[in-house]
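Labels below follow one simple rule: chain letters A, B, ... track the order of the sequence lines, proteins then strands, and each chain is numbered from 1.
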2 protein chains.
Amino acid sequence: MEKSLICPRFEKAIGILSQRWTGLIIYQLLNGPQRFCSIESSIGISGKVLSDRLKDLENEGIVKRNVYPETPVRIEYSLTEKGQAMEPLMQEIEKWSQTWLEA
Amino acid sequence: MEKSLICPRFEKAIGILSQRWTGLIIYQLLNGPQRFCSIESSIGISGKVLSDRLKDLENEGIVKRNVYPETPVRIEYSLTEKGQAMEPLMQEIEKWSQTWLEA
DNA sequence: TTATTAACTTACTTTATGTAAGTAAGTATA
DNA sequence: TATACTTACTTACATAAAGTAAGTTAATAA
């Protein structure tokens with residue numbers, strides 16, 4: 001039968017969002033730059049997977065890793081412009097969830 | 001450290017969307033009701049996982065299963081109102097992907 | 001020299017997904 | 001009557017992804 005009439009860019013975007021945790025990580029970073037352990041505890045992800053996801057998101061150009069050589073070293077993750085541009089999308093998810101899901 | 005200041009409804013919505021394939025299934029059904037094998041071939045999902053996802057989405061009230069007792073029996077899956085309500089959200093994903101991803 | 005701290009890694013277990021073959025129900029055909 | 005046909009699933013088994021907990025690294029402070 002016919003295969004993928006779906007726009008490959010849309011498919012890619014969905015692929016990013018449908019990976020476990022990426023949505024929550026991006027949502028969390030919309031509040032501003034955050035450190036590894038802060039993201040870890042706020043969304044309940046394991047360190048191993050967070051490490052993987054941050055690398056993926058950095059490769060996608062969605063997240064940026066900033067190193068501050070203090071003592072101890074401080075590393076902050078923040079959204080790039082590309083990542084910030086997901087805000088309206090997140091707002092739509094929020095809107096849908098407010099309307100259609102129960103508390 | 002502090003845990004989940006995130007709205008549970010938002011978290012649930014993200015949970016649905018971040019399950020592999022659900023986004024594409026919903027997106028596909030925005031084109032109108034479709035049969036099992038049609039969804040299967042259009043997005044390239046395995047029958048087993050499609051079967052699981054459709055059950056989940058039915059339980060969530062996002063997808064409806066309609067049986068037409070013809071020969072052979074025809075079964076169509078369509079979006080409920082709750083499912084249709086995801087259209088703006090999908091449009092935002094599309095918009096983001098058009099702006100920020102390369103072809 | 002030892003301790004401290006955050007940011008990871010690694011080894012291992014559990015869960016999710018993929019593959020391919022098989023089953024069920026309801027006809028139609030030989 | 002028996003066999004085949006079609007779609008919509010299931011099942012058994014293999015591979016990949018995610019979770020857990022302990023360990024490593026790097027920079028400096030005590």
Who are the side-chain hydrogen bond (donor to acceptor under 3.5 Å, both in side chains) partners of Gln84(A), not counting sequence neighbours? none

Nearest-Å distance, CD1 (Ile75(A)) to P (dT25(D))? 16 Å

Can you list, by residue number, the residues of residues 48-56 of chain A that have a non-hydrogen atom closer than 4.0 angstrom to DNA chain D? Lys48(A), Val49(A), Arg53(A)

Does a side-chain N or O of Arg35(A) approach OP1 or OP2 of dT5(C) to a distance below 4.0 Å, or not? no

To 10°, what angle do the rotation axes through the five end pairs on each side of the helix from dT1(C)-dA30(D) to dA30(C)-dT1(D) form? 30°

Just to verify, what does Phe10(B) make a ring pair (Phe, Tyr, Trp, His ring centres under 6.0 Å) with, not counting sequence neighbours? Tyr27(A)

Applied to residues 94-103 of chain A, the salt bridge (Lys or Arg N to Asp or Glu O under 4.0 Å) test, sequence neighbours excluded, yields Glu92(A)-Lys95(A)

Holding to side-chain contact (heavy atoms from CB on, under 4.5 Å), I want the full list of residues that pass it with Glu81(B), two or more places apart in sequence or in another chain. Trp100(A)

Rounded to the Å, how far apart are Glu40(B) CD and dT7(D) P? 11 Å

In whole angstroms, the gap separating P of dC8(C) from CZ of Arg65(A) amounts to 4 Å

Under 4.0 Å, counting only non-hydrogen atoms across every strand here, what does Arg74(B) touch: a base, just sugar-phosphate, or nothing? nothing

Ranking Glu70(A) and Ser46(A) by the position along DNA chain D of their nearest nucleotide, the one closer to 5' is Ser46(A)

Whole-Å distance, Glu76(A) CD to dA6(C) C1', equals 13 Å

Listed by chain and number, what are the side-chain hydrogen bond (donor to acceptor under 3.5 Å, both in side chains) partners of Gln34(B), not counting sequence neighbours? Ser38(B)

Taking side-chain hydrogen bond (donor to acceptor under 3.5 Å, both in side chains) as the cut-off, I'd like each qualifying pair that reaches into residues 48-65 of chain B, sequence neighbours left out, listed once. Lys12(B)-Glu60(B), Arg65(B)-Tyr77(B)

So does Gln19(A) get a backbone contact from the side chain of Ser18(B), meaning a donor-acceptor N/O pair under 3.5 Å? no

With Asn31(A) via side-chain hydrogen bond (donor to acceptor under 3.5 Å, both in side chains) - residues at least two apart: none

Determine whether Leu24(B) and Ile39(B) make a side-chain contact, defined as any pair of heavy atoms from C-beta on separated by less than 4.5 Å. no

Grab the OH-P distance between Tyr77(B) and dT7(D) for me, whole Å please. 14 Å

Check side-chain hydrogen bond (donor to acceptor under 3.5 Å, both in side chains) between Glu87(B) and all other residues, then give those that pass, not counting sequence neighbours. none

Hits for side-chain contact (heavy atoms from CB on, under 4.5 Å) against Pro33(A), two or more places apart or cross-chain, chain-then-number order -> Glu76(A), Ser78(A)

Which whole-number value in Å describes the distance from Tyr68(A) OH to dA27(D) P? 18 Å

Interface with DNA chain D, restricted to residues 19-29 of chain A and to heavy atoms under 4.0 Å: Arg20(A), Trp21(A)

